[in-house]
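Lettering of chains follows the sequences in order, A, B, ..., and the numbering in each one begins at 1.
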Number of protein chains: 2
Amino acid sequence: MDIEPLHRRIASDIERRIASGEWRPGFRIPTEAELMAEYGCARMTVSRAMTDLSARGLVVRRRRAGTVVAHPPVHSSALVAIPDIQSEIEGRGLAYSHQLLLRIVRPSRADEDGMGARLIELETLHLADAMPFTLERRLISLTTAPEAEHADFTAAPPGGWLLAHMPWTEAEHRISAVGADGETATRLGLSDGTPCLRLERRTWRDGLAVTWAWQTFPGAAYDLVARFSPTQSPMKTPIKE
Amino acid sequence: MDIEPLHRRIASDIERRIASGEWRPGFRIPTEAELMAEYGCARMTVSRAMTDLSARGLVVRRRRAGTVVAHPPVHSSALVAIPDIQSEIEGRGLAYSHQLLLRIVRPSRADEDGMGARLIELETLHLADAMPFTLERRLISLTTAPEAEHADFTAAPPGGWLLAHMPWTEAEHRISAVGADGETATRLGLSDGTPCLRLERRTWRDGLAVTWAWQTFPGAAYDLVARFSPTQSPMKTPIKE
DNA sequence: GGCAGTCTAATGTCTAGACATTATTGCGCG
DNA sequence: CGCGCAATAATGTCTAGACATTAGACTGCC
């Protein structure tokens with residue numbers, strides 16, 4: 001058993017009282033001076049505990065007014081974590097592999113706004129135990145990521161290559177449900193119109209587009225799952241049987 | 001302009017160098033003693049900056065070994081926020097309304113494991129400008145939330161009522177793609193088999209199940225969207241045109 | 001009664017130290 | 001050469017103060 005630092009103990013004492021409902025939103029927490037006396041420690045120690053709680057959004061601190069239990073956010077938007085395909089597959093104990101189906105370098109079209117003048121278009125099929133798992137269509141801007149032109153996407157899938165070579169500063173995800181269209185259905189071994197989960201992901205680096213990807217998952221075989229508590233980010237890896 | 005505290009300035013200096021790629025993952029950051037000299041401040045101040053960065057996952061600190069730029073997390077690399085239906089609709093400038101289609105109190109079935117002995121089953125249709133937006137089927141455990149038996153779910157939708165009356169401590173989300181089946185298709189005004197986004201949400205309070213809900217969105221009309229940067233949580237509300 | 005200015009209670013930052021903890025490094029010994 | 005132990009370099013925690021900043025509370029004046 002390692003001993004818990006005092007500041008953490010103070011923080012979790014308070015967190016427990018908030019979680020249990022003993023201290024409801026709006027309740028004014030004892031002042032630092034009072035907690036100092038209660039725990040017999042310096043104010044910096046209490047202050048650190050409160051700063052931590054405040055950073056996690058459990059309490060709101062205001063000078064002179066004191067510290068109160070925060071009201072839960074109104075737009076209590078819950079979260080779902082989107083795992084990396086390879087670790088997702090391997091996390092299920094299956095063998096991961098991928099096939100590069102298409103690789104062309106071409107000028108960008110008008111509807112590919114912001115992707116730079118030249119880009120690579122890729123199509124990759126990701127397999128779990130040799131069964132189609134997801135079909136990925138991806139554009140990579142050669143303006144932002146010129147090294148991509150000489151990358152070997154048969155060795156590493158484009159998602160992994162980008163993760164290692166092109167850190168992004170902004171991202172957007174879009175999840176929707178679509179029916180598998182002709183080519184996609186064929187590649188995934190589905191009949192036409194089968195409901196699929198479509199995950200669209202765009203990233204930018206300092207305002208310049210890096211990549212734009214669409215991944216299509218057979219609806220029956222794939223769920224996005226997240227399990228979490230309100231004060232923590234979703235950390236547990238999704239598991240599906 | 002309010003002046004920036006020194007510890008924040010140190011932290012953002014370092015953050016900038018990480019974001020710019022100048023300091024790549026694995027790079028060893030100057031020691032606290034070095035930063036102390038560089039900024040001419042006490043070690044506590046540097047330490048606080050590093051503690052903040054560490055809490056946000058940008059760096060990894062290890063005694064004796066020093067502080068290095070963290071490798072971007074392989075798992076859970078991305079998130080999507082799931083907004084509250086009502087604010088989602090109103091955020092698009094549409095009028096929100098809802099209809100209670102079904103409300104029965106009954107004993108739980110075997111496949112409704114963990115939901116307590118008695119529960120309420122509800123079906124609610126959420127509308128945006130009087131057009132069907134999502135169909136929600138929900139179970140609420142009367143063991144955990146007995147007050148729900150006397151709640152008026154025609155006035156407030158069950159999701160909103162629960163948010164206000166039954167705080168949860170644990171939640172699970174599952175997103176999948178399904179084809180609209182007979183009754184669901186009818187209620188949403190779709191033809192059979194139309195791809196729909198299915199959002200399943202379960203919550204618990206101290207280990208006891210509170211609610212279990214399934215929401216079905218027409219695939220063509222609804223996306224989950226999140227836009228964010230790697231160091232921050234997704235805060236911006238998704239917008240779809 | 002109301003308003004302006006002042007007082008003051010609370011948090012926010014920072015310092016210069018102290019000692020604890022941990023893991024690496026390197027040395028000496030077999 | 002390799003093993004174990006000691007030295008040491010780095011972070012982790014904590015203290016007892018100091019001064020800054022903010023905003024609620026009060027007071028007195030009109």
Reckon [X] touches a base, only the sugar-phosphate, or nothing at all at heavy-atom distances under 4.0 Å?
X	answer
A/Arg9	nothing
A/Arg8	sugar-phosphate
B/Arg43	base
A/Thr51	nothing

Expressed as a whole number of angstroms, how long is the span from [X]:[atom1] to [N]:[atom2]?
X	N	atom1	atom2	value
A/Glu34	C/dA10	CD	P	7 Å
B/Ile10	C/dT15	CD1	C1'	13 Å
B/Glu4	D/dA20	CD	C1'	17 Å
A/Arg61	D/dA23	CZ	P	14 Å
B/Met36	D/dT11	CE	C1'	13 Å

Any salt bridge linking [X] with [Y]? Criterion: basic side-chain nitrogen under 4.0 Å from a carboxylate oxygen.
X	Y	result
A/Glu123	A/Arg138	no
A/Glu149	A/Arg118	yes
A/Glu172	A/Arg174	yes

Comparing A/Leu6 with B/Thr67, nearest DNA chain D nucleotide closer to 5' gives the residue B/Thr67
Please tell me which of B/Arg62 and B/Met44 maps to the more 5' nucleotide of DNA chain D, matching each residue to the nucleotide holding its nearest heavy atom.
B/Arg62
Taking only the side-chain nitrogens and oxygens of [X], find out if one of them lies under 4.0 Å from OP1 or OP2 of [N].
X	N	answer
B/Arg48	C/dT13	yes
A/Ser47	C/dT11	no
A/Thr31	C/dA9	no

Going by atom types alone, do B/Thr67 and B/Arg28 pair a side-chain donor with an acceptor below 3.5 Å?
no
Has the side chain of B/Arg63 got a donor or acceptor that lies under 3.5 Å from a partner of the other kind on the base of C/dT22?
no
Please determine whether any donor N or O and acceptor N or O are separated by less than 3.5 Å between the side chain of B/Arg64 and the base of C/dT24.
yes
Value for NE2 (B/His98) from CZ (B/Phe133), rounded to nearest 0.5 Å, stands at 14.5 Å
